[in-house]
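One structure is given here, and the rest of the page talks about it.
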Amino acid sequence: MEEAKKNNQSMQQQQLTVEEWNGCSSTNPSKTATITVAGASASSSSFSIQRSGNRFEHVWRRVLQAFVPEGFPGSVTPDYVPFQVWDSLQGLSTYIRTMLSTQALLSAIGVGEKSATVIGATFQWFLRDLTGMLGGILFTFYQGSNLDSDAKMWRLVADLMNDLGMLMDLVSPLFPSAFVFIVCLGSLSRSFTGVASGATRAALTQHFALQNNAADISAKEGSQETVATMIGMAVGMLLAHLTMGYPLVVWFAFLSLTTFHVYANYRAVCCLALTSLNIKRSSILLQYFFETGQVLSPEQVSKMEHILPMWTSSWYSKKAKLLHTQVLLGVRVSSLDHRDMEELLLCAGSHYRKAKYLLLERNRIICIILHKDSTASDVLQSFIHALAAVKLKEKCNSVHMESQLWMNAHYEVFLRKLRSSGWKTERLLSSSIVWKANWISEPSDDKTD
């Protein structure tokens, strides 16, 4: 009887507590409610719900889900937020300026004038769009395969070209006789922007995605851009209305916004700490490894990396004496002379018998000739080998032997330290390699095809 009473009391005192949590991220969910059920049976049990937080927090979380990826911030890299903030600010500046440049362009075409004809305005607009389409195709043909290799630089160049295109639209009314030429030039400039910006955005989205959520990040970035567009258009329409008939004020507003746009773009690109290896980052990493035996983190390299356009990069590289300026990747064999071929013959039979590449010193430049069966890892190894040869040629006479000894002793250690620091070592992001070679090395008769 006593045991039955104890069991009955324990059943009466039984209580179940269930907590409700909201959030896709396992690292930062929020508790929304606590449900308590007490009693021995369904007829005699008590049921209570205690809400956590307030309705405003719940609504704010729902709104935020339309603009940030699921699992944020754990599902994206740390540089996602600062990049998006500066990117949204530069986008806002762009849409405000678009209203000013479009107003100038429409007035130049003849909108609002009785003398203007519909067919004339349509033809001018058609030429403008046609030039942009052809320009986009040509730019893709010449540079489409190279955009991944330096996404930060091309991202900056894309927005600078967009600034140039808007400037052409604003200038066009000042030169009526050359109106069509100036407008087409602006459209051509913006076509480069469309290709480069779209391609680099795809590369950056892959960088941000930590949980294979590139599609979600891209969709939420579209929502952020839409809000920036709406705000920019509203402010731009107001500014265009206030500055109508005051050309000096229009120019002052446009140039001020353009200056801010360039600054915001530069800050956005500087925020990026990419973990992929390209030619510039590999050069910085290997040079530091030679000096200290350690490897820099992506954040450290980001602060040292030069991201301005190519012509300024060339000047900076010569001034800083970076290793990659003395390396040429993917050399065409038929461009070599007789003396170079003799050295190549010697290298193929001795130093690089098992490698899928050949190194050749030519006019103080280390040339890399890749085998037609070379893989992505072979390309990375050949480039690191060439950088090591550049570093060692100042201290020794036998570049090939010393660099090979260094590769045998340090290459795997270098890669292992790169991986432990967060770098991706699967491939080297470089310009498209279109020239390769095939060679057969035999003891009695070496052939190079």
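Counting begins at 1 with the first residue of the sequence. All heavy atoms count here, side chains included; hydrogens, waters and symmetry mates do not. Small disclaimer: the values here were computed from a predicted structure and weren't measured.
- Considering CG of Leu274 and OG of Ser302, their distance stands at 7.0 Å, rounded to 0.5 Å.
- A distance-only check finds a donor-acceptor pair linking the side chain of Ser191 to the backbone of Leu188 [under 3.5 Å].
- Heavy atoms from other residues, nucleotides or ligands lying under 6.0 Å from CG of Asn212 number 12 at most.
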Steps toward side chain to side chain contact (heavy atoms under 4.5 Å, CB included) verdict (Asn146, Ser432): CA-CA 6 Å; Asn146 300 330; Ser432 180; 3.9 Å; yes

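- Note that the CG atom of Leu164 and the CZ atom of Phe192 stand 10.0 Å from one another [nearest 0.5 Å].
- A side-chain N or O of Arg281 and one of Ser276 form a donor-acceptor pair less than 3.5 Å apart.
- Qualifying ring pair (Phe, Tyr, Trp, His ring centres under 6.0 Å) partners for Tyr95, counting only residues two or more places apart in sequence or in other chains: none.
- No hydrogens or angles considered: a donor-acceptor pair under 3.5 Å links the side chains of Thr425 and Arg419.
- You'll find the side chain of Ser377 stays beyond 4.5 Å of the side chain of Arg427, heavy atoms only.
- With a 4.5 Å cut-off on side-chain heavy atoms, Val331 and Ser335 count as touching.
- Ionic pairing of Asp129 and Arg190 is not present here: no N-O contact between side-chain nitrogen and carboxylate oxygen is shorter than 4.0 angstrom.
- A distance of 13.0 Å separates CD1 in Ile366 from CG in Leu329, rounded to the nearest 0.5 Å.
- Donor-acceptor pairing under 3.5 Å is lacking for the side chains of His324 and Ser282.
- In this structure, Trp423 has its ring center no closer than 6.0 Å to that of Phe414.
- The aromatic rings of Tyr80 and Phe208 lie perpendicular to each other, with more than 60° between the two planes, well past the 30° mark.
- In this structure, Ser403 contributes its side chain and Ala389 its backbone to no donor-acceptor pair below 3.5 Å.
- Between Arg97 and Asp163 there is a salt bridge, since at least one side-chain N of the basic residue sits less than 4.0 Å from a carboxylate O of the acidic one.
- Val183 is not listed as a side-chain neighbour of Leu127, based on a closest heavy-atom distance of 4.5 Å or more.
- Using a distance-only test at 3.5 Å, with no hydrogens or angles considered, no donor-acceptor pair links the side chain of Gln326 to the main chain of Val390.
- With sequence neighbours left out, Asp337 forms a side-chain contact (heavy atoms from CB on, under 4.5 Å) with Arg339, Asp340.
- The list of side chain to side chain donor-acceptor pair (under 3.5 Å) pairs with a residue in residues 241-251, not counting sequence neighbours, is empty.
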Go through the steps to decide whether Thr77 and His207 satisfy the test side chain to side chain contact (heavy atoms under 4.5 Å, CB included), and finish with yes or no. CA-CA 8 Å; Thr77 56; His207 161 70; 3.9 Å; yes

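- The shortest heavy-atom contact between Ala437 and Ile369 is CB-CG2, 3.9 Å.
- Between Asp79 atom CG and Thr275 atom OG1 the span is 9.0 Å, to the nearest 0.5 Å.
- Using a 4.5 Å cut-off on side-chain heavy atoms (C-beta onward), Asn162 and Ser189 make no contact.
- Side chains of Val301 and Lys280 form no contact here, defined as non-hydrogen atoms less than 4.5 Å apart.
- For the pair Glu402 and Lys393, the salt-bridge criterion is not met [side-chain N within less than 4.0 Å of a carboxylate O].
- The closest donor-acceptor contact from the side chain of Asn265 to the backbone of His261 lies under 3.5 Å.
- With contacts defined as side-chain heavy-atom distances shorter than 4.5 Å, the pair Lys391/Leu387 does not qualify.
- Thr200 places no side-chain N or O within 3.5 Å of a backbone atom of Trp154 that could act as its donor or acceptor partner.
- Summarising the geometry, atom CD belonging to Gln300 is positioned 11.5 Å from atom CD1 belonging to Ile284; distances are rounded to the nearest 0.5 Å.
- For Lys417 (side chain) and Glu412 (main-chain N/O), no donor-acceptor pair under 3.5 Å exists by modelled atom type.
- No donor-acceptor pair closer than 3.5 Å links the side chain of Glu291 to the backbone N or O of Tyr288.
- Under 3.5 Å, the side chains of Gln224 and Gln84 contain a donor-acceptor pair of N or O atoms.
- Residue Leu147 holds its CG atom at 9.0 Å from CE of Met153, rounded to the nearest 0.5 Å.
- Residue Arg155 is tested with Asp87, Asp148, Asp150 for a salt bridge (charged side-chain N to carboxylate O under 4.0 Å, His left out); the sole match is Asp87.
- In terms of modelled atom types and a separation under 3.5 Å, the side chain of Thr131 and the main chain of Cys184 share no donor-acceptor contact.
- Side-chain atoms of Ser297 never come within 3.5 Å of backbone atoms of Ser421 as a donor-acceptor pair (strictly under, hydrogens ignored).
- For the pair Ser93 (side chain) and Leu257 (backbone), a donor-acceptor distance under 3.5 Å is present.
- Between the side chains of Tyr411 and His385, no donor N or O sits under 3.5 Å from an acceptor N or O.
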